[in-house]
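Side chains are part of it too, since the values below use all heavy atoms of this structure and drop only hydrogens, waters and symmetry mates. When a ligand or atom number is given, it counts from 1 through the structure's own listing order. All figures in this text were calculated on a predicted structure; none of them were measured in a lab.
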Amino acid sequence: MPNKEMMQDIQNQNDLYLLVDEFYKKLLADNSISYIFTDVVKIKIEEHLPILVTFWSQAILGTGGYTKNLTQIHLDINTKEQLTPELFKIWLNHFYNTVDENFKGQKAEQIKTQALSIATVMQIKIAQQNTN
Ligand code: HEM
């Protein structure tokens, strides 16, 4: 277990790399969600993680570099396999746990809040898509 006293906030892209790496270890180890990443979309982890770092760096550290439409990417996944509220719950739980196990501070709180708000928007768009 990490020592809470020694834990630091997210400060740079190396920290974000550690975060997304640990996060994807949890996602891929969880059979209730891993099939989306291994069967529905076959992600190449070594290509995927740097994209995630760029995305979160833009969101949290204020760097630029992420230009794609993230909601559309997830709407496209949803046409192949339903991204249910249950899956979002699992995704968010693993994300929160990974943040809390590794970081403590303002940016650590900010990244969790941002993940929740993006997940909320995605779920609204997915619900709209599902009724079409
Ligand atoms: C049920 C929840 C989710 C599942 C199953 C899921 C699954 C996936 C999959 C399979 C990809 C790869 C898509 C591709 O390469 O074509 C992907 C990409 C990505 N996801 Fe998610 N996702 C979920 C929620 C989220 C949320 C809430 C966020 C952000 C807060 C997020 C951020 C990203 C980012 C940044 C990428 C990279 C997109 C790119 O290639 O530009 N995902 N996701």
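Taking every heavy atom of L83 and a limit of under 4.0 angstrom, the matching atoms of ligand 1 come to 5 (C). Ligand-side atoms of ligand 1 in range of W56: 29 (C), 30 (C), range being under 4.0 angstrom from any heavy atom. Shown in contact with F55 at under 4.0 Å from a heavy atom are these atoms of ligand 1, numbered in order with element: 35 (C). Below 4.0 Å from some heavy atom of I118 lie the following atoms of ligand 1, by number and element: 29 (C), 30 (C).
For T63 (side chain) and S57 (main-chain N/O), a donor-acceptor pair under 3.5 Å exists by modelled atom type. Distance alone, capped at 3.5 Å, places no donor-acceptor pair between the D9 side chain and the Q11 backbone. In this structure, K112 contributes its side chain and E109 its backbone to no donor-acceptor pair below 3.5 Å. With hydrogens and angles ignored, the 3.5 Å screen pairs no side-chain donor or acceptor of E81 with any backbone N or O of V40. Not a single donor-acceptor pair under 3.5 Å links the side chain of N78 to the backbone N or O of H74.
In this structure, the side chains of Q58 and T54 stay at 4.5 Å or more apart for every pair of heavy atoms. At least one side-chain heavy atom of M122 sits under 4.5 Å from a side-chain heavy atom of F88.
For atom 40 (O) of ligand 1, the closest non-hydrogen atom of the protein is K68 NZ, 3.3 Å. The nearest protein atom to atom 41 (O) of ligand 1, hydrogens excluded, is given as Y66 OH, 2.5 Å; this is a heavy-atom distance. The single protein non-hydrogen atom nearest to atom 4 (C) of ligand 1 is W91 CD1, 3.9 Å, given as residue, atom name and distance. Scanning all protein heavy atoms for the shortest distance to atom 42 (N) of ligand 1 gives H74 NE2, 2.9 Å.
Not close to ligand 1: F95, with no non-hydrogen atom less than 4.0 angstrom away. In this structure, H48 counts as a contact residue of ligand 1, since one of its heavy atoms falls inside 4.0 Å of the ligand.
Of the inter-residue distances, the one linking T98 atom OG1 with L27 atom CG reads 7.5 Å to the nearest 0.5 angstrom.
When only interatomic distances are considered, the shortest N/O to N/O separation between Q114 and ligand 1 does not fall below 3.5 Å.
The residue I90 has no part lying near ligand 1, judged by heavy-atom distances below 4.0 Å. Heavy atoms of D76 found under 4.0 angstrom from ligand 1: none, in either backbone or side chain. Contact annotation for L87 and ligand 1: heavy atoms of both the backbone and the side chain come within less than 4.0 Å of the ligand. Only the side chain of I43 comes within contact range of ligand 1, with a heavy atom under 4.0 Å; no backbone atom does. With a heavy-atom cut-off of 4.0 Å, I73 touches ligand 1 through its side chain alone.
Taking only non-hydrogen atoms, the option from V41, I36, I77 nearest to atom 11 (C) of ligand 1 is I77.
Aromatic rings from Y24 and H48 are positioned such that their centres are separated by under 6.0 Å.
The pair D15-K107 does not meet the salt-bridge criterion, since no charged nitrogen lies less than 4.0 angstrom from a carboxylate oxygen.
Using a 3.5 Å distance cut-off with no hydrogens or angles, the side chains of N97 and E101 do not pair a donor with an acceptor.
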